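Structure record follows, encoded as structure tokens.
Remember, it's 1-based here, ligands and their atoms both numbered in the order they're listed. Quick caveat: nothing in here was measured; it's all calculated off a predicted structure.
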Amino acid sequence: MRVVVVGGGTAGWMTAAALARLLPTRCSVRLVESEAIGVVGVGEATLPHIRAFNERLGIAEAEFMARTRATFKLGIEFRDWGRIGDSYIHPFGTFGRGTGAIDFHHYWVRLIARGAAMPPLDALSYACTLARQGRFHHPDPDRRRLAGTFGYAYQFDALLFAPYLRELAEAMGAVRTEGTVAAVERDGARGDIAAVVLQSGERIEGDLFVDCSGFRSLLLGGALAEPFEDWSHWLPTDRAVAMPCRTRTALTPYTSAIAMPAGWRWRIPLQHRTGNGYVYASAFTSDAEAQATLEAVVEGAPIADPRLLRFRAGRRRRSWVGNCVAIGLASGFLEPLESTSIYLVQQAITALVELFPEPVIGAADRDEFNRVIDLEYDRIRDFLILHYHATTRTDTPFWHYVRTMPIPDSLAEKLELWRRRARLVKHREGVFLDASWVAVYLGQGIVPDGWDPRADIVAPDDLRHGVEALRDEIAADVAGRPDHRTFIDRFCPMVDAA
Ligand code: FAD
């Protein structure tokens, strides 16, 4: 099957590399990209799933990190979200030992409800403690050990990742064409895409077209006119101003998301610089004001001019229509608060590989792909909305709006279960697992009224001593671990430090 990928950003080259590597006997891969148009050039924080993607592609971690000037990420620190002055970490790991018959948070909630003076929840997570202390090591393969109760992701230079994948993809047989797509030809009878035509006049035919053209959504949104489902009433941020700067502080092994008057700002530490950006709602602040607000708080000297990005929360109604599959920003976008876009790219690629339509495209494969992707978007959407809705802030019109806005029924049901008995809705599919929801619920001050009744079996004093012993055991283990910068300098120092 002839696969044509339109777009050479992170989504395009991830797709080309994966297809070339995993389906070498099933398809040929041709990628068209336009240097004149360029890439979105942001997208530096990831989720732990990316490690599985890299492994499947045979990517060696240290080399990949050195080439993309990457750092390790143990989670996301949220500052000023529930209330000004709050700080919590959403860790890539469990709370407690992660091995009990019932989830650890039930015990913690029970003790809190009884008025016990408890260690903060962060201190009862190995990942949070490691992050707070600015240390890193690879997880112990034995998950029964505290040092094995976490995962990690990467923070990398967005402009270096796609070129790195391009090298791999081309080495595995993907063919790149430089050029701008000027027209899309449809097949008269079925309405499928028959070819894309470049400004040069070159015509590229294919059997399957992967739209990785970014926000333009050239094929799916443009040629096939698939409608966009707008979710901006729930996720009103629609712009970002990005401005990298020199790093002035220690190299934190986590991303920070710091609440701002009309949104929030990211802080992503890389080996050579710190990425910053203010994600804001244009209905609540102006571009000039957002830029000035960001400039006033970045920690070191800016190393590039501020860059404005515009977007809209939502997704195309279907990501796969006819013989066109959209992956990446061409299929939709949910703001970067939980670093989910590259994850969504990865999930779409995985589903495409698993359902690869050979020899002919089947409606059942297409429907299954769309079901999986819709579900991912819906789950992430609810998780993002929770961060905004679960605030007590009233200090700006933006925070007042998000605190009081109507929320999707699916999220309202989850919240009700949590509030009543600290219960988490379990899913077989979808990205954020229990500890993620617990971190955000409790981190933003939604303490439930009840808990799993089995948590009452342990006597309160025994429970409290157990929790304190756990905190001390975590702290003692973490204290002996290497500093993040030291670990990186040894393991994967960046290449080409110019
Ligand atoms: P792009 O990078 O825009 O690539 C589109 C490609 O299509 C380019 O090569 C372009 O040249 C090509 N193209 C377009 N039109 C044509 C044409 N007519 N002819 C030929 N080629 C064409 N994601 C994360 O996972 N973590 C983050 O921390 C994160 N932060 C973000 C912050 C912001 C403010 C934004 C807006 C996004 C963020 N993302 C993040 C999302 C992430 O940047 C994208 O998911 C990722 O970069 C993939 O983009 P893409 O490849 O779909 O699009």
Side-chain angles (χ1 to χ4, degrees), residues 4-16 31-50 53 73 76 153-163 165-166 176-184 196-200 202 204 209-223 237-243 255-257 263-268 270 275-280 290 294 306-313 319 326-349 380 431:
V4 178
V5 178
V6 175
T10 297
W13 283 113
M14 281 177 78
T15 305
L31 184 145
V32 188
E33 69 174 315
S34 162
E35 265 167 26
I37 292 176
V39 298
V40 70
V42 278
E44 310 200 312
T46 60
L47 294 179
H49 309 71
I50 193 162
F53 181 84
K73 176 181 173 191
I76 304 176
Y154 309 112
Q155 300 160 141
F156 54 61
D157 188 324
L159 292 173
L160 299 178
F161 186 45
L165 291 173
R166 175 182 161 186
R176 172 184 183 274
T177 300
E178 166 62 33
T180 301
V181 173
V184 179
V196 290
V197 184
L198 308 188
Q199 269 173 1
S200 62
E202 187 181 356
I204 301 176
F209 288 81
V210 186
D211 186 352
C212 295
S213 63
F215 286 129
R216 285 178 175 75
S217 195
L218 205 65
L219 308 186
L220 185 70
T237 61
D238 58 355
R239 289 189 194 176
V241 53
M243 193 173 60
T255 294
S256 297
W264 61 280
R265 72 180 164 98
W266 75 77
R267 179 185 181 279
I268 304 179
L270 309 180
N276 305 284
Y278 181 4
V279 175
Y280 57 96
L294 181 67
R307 208 155 70 80
L308 178 69
L309 298 123
R310 295 163 195 264
F311 51 83
R312 191 155 49 117
S319 292
I327 296 183
L329 300 174
S331 90
F333 184 59
L334 295 172
E335 60 143 281
L337 183 58
E338 286 280 357
S339 327
T340 41
S341 280
I342 294 172
Y343 164 81
L344 281 168
V345 168
Q346 184 183 338
Q347 291 309 96
I349 293 170
I380 293 170
V431 53

Below 3.5 Å, N or O to N or O, backbone or side chain included: is there any such pair between [X] and ligand 1?
{"X": "Val40", "answer": "yes"}
{"X": "Phe311", "answer": "no"}
{"X": "Leu329", "answer": "yes"}
{"X": "Val42", "answer": "yes"}
{"X": "Ser34", "answer": "yes"}
{"X": "Ile268", "answer": "no"}
{"X": "Gly8", "answer": "yes"}
{"X": "Val181", "answer": "yes"}
{"X": "Val39", "answer": "no"}

Can you pull out the closest protein heavy atom to [atom]? Residue, atom name and distance to 0.1 Å, please.
{"atom": "atom 46 (C) of ligand 1", "answer": "Thr10 CB, 3.9 Å"}
{"atom": "atom 34 (C) of ligand 1", "answer": "Ala240 CB, 3.6 Å"}
{"atom": "atom 25 (O) of ligand 1", "answer": "Ile342 N, 2.8 Å"}
{"atom": "atom 30 (N) of ligand 1", "answer": "Pro336 CB, 3.3 Å"}
{"atom": "atom 50 (P) of ligand 1", "answer": "Ala11 CB, 3.9 Å"}
{"atom": "atom 23 (N) of ligand 1", "answer": "Ser341 CB, 3.2 Å"}
{"atom": "atom 20 (C) of ligand 1", "answer": "Gly179 O, 3.4 Å"}
{"atom": "atom 24 (C) of ligand 1", "answer": "Ala45 O, 3.5 Å"}

**Asked** With a 4.5 Å limit on heavy-atom distance, are the side chains of Trp264 and Pro336 in contact?
**Response** yes
Give the numbers and elements of all ligand 1 atoms closer than 4.0 Å to a heavy atom of [X].
{"X": "Ile37", "answer": "11 (O), 14 (C), 15 (N), 16 (C), 17 (C), 18 (N)"}
{"X": "Gly328", "answer": "52 (O)"}
{"X": "Leu218", "answer": "17 (C), 18 (N)"}

Using every non-hydrogen atom in the two residues, find where [X] and [Y] come nearest and quote the distance to one decimal.
{"X": "Ser341", "Y": "Leu334", "answer": "OG-O, 4.1 Å"}
{"X": "Gly9", "Y": "Val39", "answer": "CA-CG1, 3.6 Å"}
{"X": "Gly275", "Y": "Glu44", "answer": "CA-OE1, 4.0 Å"}
{"X": "Ile327", "Y": "Ala348", "answer": "CG1-CB, 3.9 Å"}

**Asked** Which one holds for Glu44 and ligand 1: side chain close, backbone close, both close, or neither close, with close meaning a heavy atom under 4.0 Å?
**Response**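 Within the 4.0 Å criterion, Glu44 contacts ligand 1 through backbone atoms alone.
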**Prompt:** Under the side-chain contact (heavy atoms from CB on, under 4.5 Å) criterion, do Arg312 and Asp238 qualify, and how do the steps go?
**Reply:** CA-CA 5 Å; Arg312 191 155 49 117; Asp238 58 355; 5.8 Å; no
**Prompt:** Taking the side chain from Ser213 and the backbone from Arg216, do they hold a donor-acceptor pair closer than 3.5 Å?
**Reply:** no
**Asked** Quick one: does Asp211's side chain have a donor or acceptor within less than 3.5 Å of a partner on Leu219's backbone?
**Response** yes
**Prompt:** Per the side chain to side chain contact (heavy atoms under 4.5 Å, CB included) rule, which among Val241, Thr237, Leu294 passes with Tyr280?
**Reply:** Val241
Among [options], which one has a heavy atom closest to [atom]?
{"atom": "atom 10 (C) of ligand 1", "options": "Gly38, Gly9, Gly214, Ala162", "result": "Gly38"}
{"atom": "atom 6 (C) of ligand 1", "options": "Cys212, Ala158, Ser331", "result": "Cys212"}
{"atom": "atom 7 (O) of ligand 1", "options": "Gly7, Gly43, Ala183", "result": "Gly7"}

**Request:** Take the angle between the ring planes of Phe215 and Phe311 and call it parallel below 30°, perpendicular above 60°, tilted in between.
**Result:** parallel
**Request:** Take Tyr343 and Ile380 through the side-chain contact (heavy atoms from CB on, under 4.5 Å) test and state the conclusion after the steps.
**Result:** CA-CA 11 Å; Tyr343 164 81; Ile380 293 170; 4.2 Å; yes
Between ligand 1 and [X], can you find any atom pair, the residue atom being a heavy atom, that is separated by under 4.0 Å?
{"X": "Thr46", "answer": "no"}
{"X": "Tyr343", "answer": "no"}
{"X": "Trp266", "answer": "yes"}

**Prompt:** Less than 4.0 Å between a side-chain N and a carboxylate O, is that true for Arg166 and Glu178?
**Reply:**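 Salt bridge: no.
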**Item:** Step-by-step side-chain contact (heavy atoms from CB on, under 4.5 Å) determination, Phe53 to Thr46
**Value:** CA-CA 12 Å; Phe53 181 84; Thr46 60; over 6 Å; no
